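Count residues from 1 along the sequence. Remember, it's a predicted structure, so these values are computed and weren't measured experimentally.
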Amino acid sequence: MTATHESVAALLERSHALGSDPKNTNYAGGNTSAQGIATDPVTGEETELLWVKGSGGDLGTLQEQGLAVLRLDRVRALADVYPGVDREDEMVAAFDHCLHGKGGAAPSIDTAMHALVDAAHVDHLHPDAGIAIATAADGERLTRECFGDAVMWVPWRRPGFQLGLDIAALQAENPQAIGCILGGHGITAWGDTSAEAQENSLRIIAEATAFLERTGTVEPFGAPDSSRDALPEAERRAKASALFPVIRGLASTDAPVVGHWTDTEAVHEFLASEKLAPLAELGTSCPDHFLRTKVKPLVLDLTADASVEDSLARLAELHEAYRVDYSAYYQRHAEPDSPAMRGADPAIVLVPGVGMFSFGADKQTARVAGEFYVNAINVMRGAESISTYAPIEESEKFRIEYWALEEAKLQRKPKPKPLATRVALVTGGGSGIGKATATRLVAEGACVVIADLNLEGAQAVAEELGGPDKAVALRADVSDEDAVVQAVADAVLAFGGLDLIVNNAGLSLSKPLLETTAKDWDLQHDVMARGSFLVSRETARVMIAQAMGGDILYISSKNSVFAGPNNIAYSATKADQAHQVRLLAAELGGEQIRVNGINPDGVVRGSGIFAGGWGASRAKVYGVQEEDLGEFYAQRTLLKREVLPENVANAVFALTAGDLSHTTGLHIPVDAGVAAAFLR
């Protein structure tokens with residue numbers, strides 16, 4: 001879409017260029033602005049406008065509707081009525097009275113910075129190199145040493161109107177300056193043109209980076225500790241998979257979360273460093289960082305070769321201590337009007353030898369939290385290389401974390417979808433019922449692992465559903481025990497655990513008894529009866545370890561209770577699956593794991609089973625054309641309606657979305673009404 005104003009077009013182009021490079025700023029971090037002349041539709045007169053990235057947007061993907069549009073004269077006039085830092089929060093509400101037209105994004109707390117600085121284009125960014133200088137104990141001296149008089153130092157101040165006034169005054173006193181380092185926070189740069197502002201932003205980042213490389217020490221984190229080095233890859237992945245569900249369960253004590261595992265060189269360097277414990281205890285500094293990562297991480301204080309059992313026992317102890325410590329942090333700083341504590345669980349868990357586990361309300365939030373902590377590691381490395389890392393005071397962190405304006409932003413978020421934070425595994429998810437189920441689960445907020453013998457088909461579905469923040473694909477032969485164990489381990493690494501299992505993988509060979517071979521029998525029982533058993537057993541291990549309950553669903557069949565001709569192997573294995581539902585419901589109820597089944601019939605359209613020869617075989621049995629099989633099945637039902645994959649997916653949702661929370665051991669027919677298959 002073409003921007004409606006040339007200033008907006010230039011702003012979006014600059015924002016995308018700056019926001020697409022993580023060296024410049026983190027995801028959804030920072031903001032940019034442009035000023036320009038437009039016609040007031042009421043008076044017909046020209047008026048100065050400010051376009052600035054709105055609250056919560058991302059520079060790399062910013063669109064025009066993500067900008068707040070304000071009348072510049074009205075924003076600047078707020079300086080005359082500014083009541084002072086003690087009533088800072090009132091100014092954000094005042095921005096609403098400065099808006100031009102309707103629509104657009106809500107103005108962010110940084111709007112004043114962009115309006116009050118005397119430049120047509122302003123960038124506020126969070127580059128690691130810039131924050132390293134901003135968080136160094138002698139950051140003001142280092143700023144002069146690095147930039148001379150081209151970049152000024154602004155002592156830490158919470159984002160807001162006063163910070164905008166401070167920067168504007170500093171700019172007025174130093175007309176040669178191209179920008180400033182904001183103590184404990186980030187950088188701001190400006191220019192008379194969009195190109196000049198971008199050039200100045202990149203200059204500050206490049207010069208800060210070069211300064212760190214030129215003057216920094218070789219081992220900013222101290223001597224490496226080989227006892228905490230990264231484990232070999234296969235061992236590392238196995239240990240991560242064993243720990244992840246338990247850590248996720250701990251991190252979900254107050255509210256369920258999704259997880260992300262980060263296994264990079266930067267993380268392992270930090271975990272194996274002499275300064276790991278003291279630096280981690282200091283926490284992050286940039287507001288964008290600790291709002292995502294919490295005030296500090298939980299660090300497992302064991303060596304890399306510690307056993308899984310010892311690690312889990314120690315993690316449980318450390319988690320309890322973390323919750324006590326976080327509650328004390330809240331109590332130390334909370335005022336009578338502070339928002340309620342949002343939860344005392346860690347968002348970042350660091351495990352030497354294994355990596356970093358990060359958590360959030362969805363996969364993207366969990367992944368970004370990990371990215372932000374990597375930013376924090378880079379900042380600590382830079383600050384320690386040239387000075388001493390000195391983040392903002394704990395009390396200031398609390399003021400931002402429990403800021404009324406931050407609370408208001410959280411309250412504006414849409415209500416979570418019914419399956420938000422739930423991680424599903426769908427076998428046979430590459431087509432038919434499995435694909436429809438995966439599609440419905442993602443639409444309702446779940447993260448989905450699509451397991452299928454046909455990896456390409458599963459990958460196509462995962463991509464269609466939004467990629468790795470929504471769905472991932474795995475190749476899995478459910479009849480192979482080792483393959484199932486590995487698939488479940490890989491699924492855990494994708495999202496942190498498992499909550500919702502759909503045993504859907506299947507096939508069928510329709511033959512009379514005398515033509516059914518032992519191979520036919522074994523194949524169908526191996527895939528459906530044995531496969532469902534293996535998947536249920538391995539995923540139940542994960543759900544029990546998480547201690548968060550869960551759902552196991554079997555896509556069985558009307559044939560599990562209906563006796564039809566020429567179908568001995570398929571119907572017998574479906575009856576096996578149906579009884580597994582009852583057996584596992586009885587066994588796993590104490591773990592709050594509900595086990596239910598769905599009995600579809602005649603799902604022809606989109607079905608991999610029917611397309612693979614089953615349809616032709618059944619059509620021959622019933623004496624109809626294969627293309628008419630769906631209609632044939634429909635006409636033998638009470639409702640005279642064809643059953644589609646989406647109808648089965650609807651039943652999966654109904655059983656798992658919460659309204660049937662006290663139901664287990666149930667089979668739901670999805671067959672449009674087959675009286676002979678009524679459950680008794």
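In this structure, the separation between CG on Leu350 and CG on Leu271 is 5.5 Å, given to the nearest 0.5 Å. Between atom SG of residue Cys98 and atom CG of residue Leu78 there is a gap of 4.0 Å, rounded to the nearest 0.5 Å. Taking CG of Leu72 as the reference point, atom CG of Leu50 lies at 6.0 Å (rounded to 0.5 Å).
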List, one per line, each side-chain donor-acceptor pair under 3.5 Å for residues 38-45, sequence neighbours excluded.
{"from": "Asp40", "atom 1": "OD1", "to": "Val42", "atom 2": "N", "distance (Å)": "2.8"}
{"from": "Asp40", "atom 1": "OD2", "to": "Arg71", "atom 2": "NH1", "distance (Å)": "3.2"}
{"from": "Thr43", "atom 1": "OG1", "to": "Glu45", "atom 2": "N", "distance (Å)": "3.1"}

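A salt bridge links Arg248 with Asp499: the closest approach of a Lys/Arg side-chain nitrogen to an acidic carboxylate oxygen falls below 4.0 angstrom. With respect to the salt-bridge test (charged N to carboxylate O, under 4.0 angstrom), the residues Arg141 and Asp138 qualify. In summary, Arg292 and Glu371 do not engage in a salt bridge, as defined by a charged side-chain N under 4.0 Å from a carboxylate O. Salt bridge present: Glu464 and Lys435 bring a charged side-chain N and a carboxylate O closer than 4.0 Å. Between Arg157 and Asp166, at least one side-chain nitrogen of the basic residue sits less than 4.0 Å from a carboxylate oxygen of the acidic one, meeting the salt-bridge criterion.
Side chain of Glu384 to main chain of Tyr389: a donor-acceptor pair is present (N/O by atom type, distance under 3.5 Å, no hydrogens or angles).
Note on residues 34-87: pairs passing ring pair (Phe, Tyr, Trp, His ring centres under 6.0 Å), not counting sequence neighbours, are His5-Trp51, Tyr82-Phe161.
In this structure, a donor-acceptor pair under 3.5 Å is absent between the side chains of Asn24 and His126.
Exactly one residue among His124, Arg158, His289 makes a side chain to side chain donor-acceptor pair (under 3.5 Å) with His185. That residue is His124.
Here the closest non-hydrogen pair linking Ala494 and Val472 is CB-CG2, 3.8 Å.
Counting non-hydrogen atoms of neighbouring residues, nucleotides and ligands closer than 6.0 angstrom, the CG atom of Asp118 reaches no more than 12 such neighbours. Heavy-atom contacts from other residues, nucleotides or ligands closer than 6.0 Å to CD of Glu90 number more than 12. Few gaps surround CD on Gln176; more than 12 heavy atoms of other groups in view lie less than 6.0 Å from it.
The aromatic ring centroids of Tyr330 and Phe398 lie less than 6.0 Å from each other.
Note on ring orientation: taking the six-membered ring where Trp is involved, the planes of Phe270 and Tyr373 are tilted (angle from 30° to 60°). Ring pair Phe357/Trp261 is parallel by interplanar angle, where below 30° counts as parallel and above 60° as perpendicular.
At a threshold of 4.5 Å between non-hydrogen side-chain atoms, the residues Leu18 and Asp123 count as touching.
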